[in-house]
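What follows is a short report on a single structure.
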Amino acid sequence: MTTSAIHEYIEAVKNGKLQPKEYIEDLLSKLKEQNSKSNIFSNFANMIETSSEGDLQGIPFTVKDNICVRKSLTRAGSKILDGYRPPFDATVVSRMRAAGAIFIGSTNMDEFGFGTFSTNCAFGAPKNPFDSERSCGGSSGGAAAATTVMRHHVALAESTGGSISCPASFCGVVGFTPTYGRVSRYGLIDYANSLDKIGLMSRSVEDIAHVLPIISGKDPKDFTSLAQPELDISDREIKSIAIPEELVDSIPDAKILAMFNESIKKLEELGIESVKVSMPILRFSIPAYYILACAEASTNLAKFCGMRYGKPAREYNRMFNEFFTEVRTENFGTEAKRRIMLGTFARMAGYRDQYYMKALRVRRKIIERFEEVFEEYDLIATPTMPLLPPRFEEIQKMSPATVYALDFLTVPPNLAGIPQISMPMGYIENLPVGIHFLADHWEESKLISVGKIWETQVEHRFPENLGWAL
Ligand code: GLN
């Protein structure tokens, strides 16, 4: 059973046993010292603003580098945004602050969210706290590693196609991705607007249940957040779980699969029925996702040209094409350039029907199939990732298409905009492995409920060398 570190912290603050300002200053000096090795943070808070009023009573929080923090360097992992200090807070950040949480720093990520291992970060890849030669996952890799190293902490992270679940799984923490539209995207540096969701990482489900209501809800500054049913996180009865056979049968790692089957058995012993279902349409998720995500990304990145947004070029006195080309050639990473080209191609007149429009139709069919399954079953479960956190040297040898294909378990729910929770399932070779639960749109409470049940079955472990941070 994992207890809520946030409750513990809040109690200690209330009883006068812990002073947030002192606690955080000490924590920050340790984190800064470690950062040259771990590379978890892209930037630390300039000053500690403490108002331990409100529900979160001085709890430290980190923010993925693509979420705007007022006056604080916010670069979305990209050189092109170097020096950018937003004049405003994203809605999620201002809601956290209003609840008394304290911003301590921004966490490293793949440039604009483009990646699965956080190795596409212009400021270096964060290292997995379980093994520094391995990836934290991506794109919210820094957020997940920060959650592994700090007990009393909440991370704001973001997922377009699995960027909360994947790193949460690789770093052995809880990652929660809400329904699309549940949490305001105002102040998020977009990757793909129809897919982006801000969510949370923490060490326990209880902590997520505590913070989710604070960041959720309508925001007139984000119209996609307006039409939503009230968030309810009360305990729900979970009777059944569906297991999509096409996904599970494609997992090459026998140990991960065996652990998953064991986990499903444990849930059955607790009275939750499990049934295999067929969802063949999910086989088209990866191509559909990469077409749609890149198409949207390629338009979103157009504004980074050195005029209003992005680092300006050295010389102004020439034609705009030359000027933009220099800025973009110098400051976008290889993966960003690849996605601009893929996305622009998919949107081109003449190819639009063949790729973009077809991908939209596939997406619709995927959503419909999920809806059918949720009419019969409470939840869907799979392992979160099909592999253990890979070594950096292994990642270097992977082609882009190989990396994209590794997202086949996390991309389908993201395409459908349904909520997800990734939780530690167990450990193989001392590395964490995640289990992924999916629920129907707006059914976050079912995920919190199954999360609490699952937490009674698994002992969370953290690397022993983390004494400095705890
Ligand atoms: N790995 C996926 C991609 O590269 C998902 C990333 C994300 O969710 N930001 O697009």
Side-chain angles (χ1 to χ4, degrees), residues 63-67 75-78 107-122 125-126 135-144 155-171 175-178 180 183 185 188-201 285-298 300-301 332-343 346 359 363 384-387 389-390 395 398-420 422 434 436 438:
V63 176
K64 185 176 178 179
D65 195 26
N66 58 351
I67 300 174
R75 300 180 288 191
S78 181
T107 49
N108 266 328
M109 57 178 284
D110 284 302
E111 184 171 13
F112 292 105
F114 303 153
T116 304
F117 299 123
S118 296
T119 43
N120 299 328
C121 176
S135 160
C136 296
S139 63
S140 314
L156 291 179
E158 177 275 338
S159 171
T160 307
S163 278
I164 295 178
S165 296
C166 160
S169 156
F170 282 179
C171 291
F176 194 92
T177 309
Y180 176 80
V183 173
R185 287 180 294 115
L188 171 72
I189 299 170
D190 306 304
Y191 166 172
N193 312 44
S194 81
L195 293 153
D196 298 342
K197 299 153 297 280
I198 294 179
L200 295 168
M201 286 190 201
S285 304
I286 291 288
Y289 167 79
Y290 277 94
I291 288 169
L292 296 174
C294 290
E296 292 186 35
S298 65
N300 279 325
L301 294 191
F332 278 139
T334 311
E335 187 59 27
K337 287 174 186 155
R338 180 176 296 118
R339 298 205 184 196
I340 292 171
M341 286 192 279
L342 272 172
R363 183 181 195 180
T384 309
M385 290 300 288
L387 74 171
I395 296 168
M398 294 180 190
S399 71
T402 306
V403 177
Y404 299 170
L406 291 172
D407 291 340
F408 73 94
L409 297 169
T410 49
V411 151
N414 280 281
L415 262 182
I418 56 176
Q420 312 138 51
S422 175
H436 209 202
L438 323 177

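Just so it is clear, the values below take in all heavy atoms, side chains as well, and ignore hydrogens, waters and symmetry mates. Atoms within each ligand, like the ligands themselves, are counted from 1 in listed order. Please read all numbers here as calculations on a predicted model, not as lab measurements.
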Subject >> Short side-chain to backbone donor-acceptor contact, R363 and L415, under 3.5 Å >> reply: yes
**OP:** Could you tell me whether the side chain of T410 and the main chain of G162 form a donor-acceptor pair under 3.5 Å?
**Re:** no
Original post:
Considering all heavy atoms of both residues, which atom of V183 and which atom of P178 are nearest to each other, and what is their separation?
Top reply: CG2-CG, 3.7 Å
Original post:
So, for K197 and Y180, which heavy atoms are closest and what is the spacing to 0.1 Å?
Top reply: CG-CA, 3.8 Å
Original post:
Residues in ring-ring contact (aromatic ring centres under 6.0 Å, His included) with Y191, at least two apart?
Top reply: F114
**OP:** Would you give the length of the straight line joining atom SG of C294 to atom CG of N300, rounded to the nearest 0.5 angstrom?
**Re:** 11.5 Å
**OP:** Using a strict cut-off of under 4.0 Å between a residue heavy atom and any atom of ligand 1, list the qualifying protein residues by chain and number.
**Re:** G113, F114, G115, T116, S139, S159, T160, G161, G162, S163, Y191, Y289, Y290, R339, D407
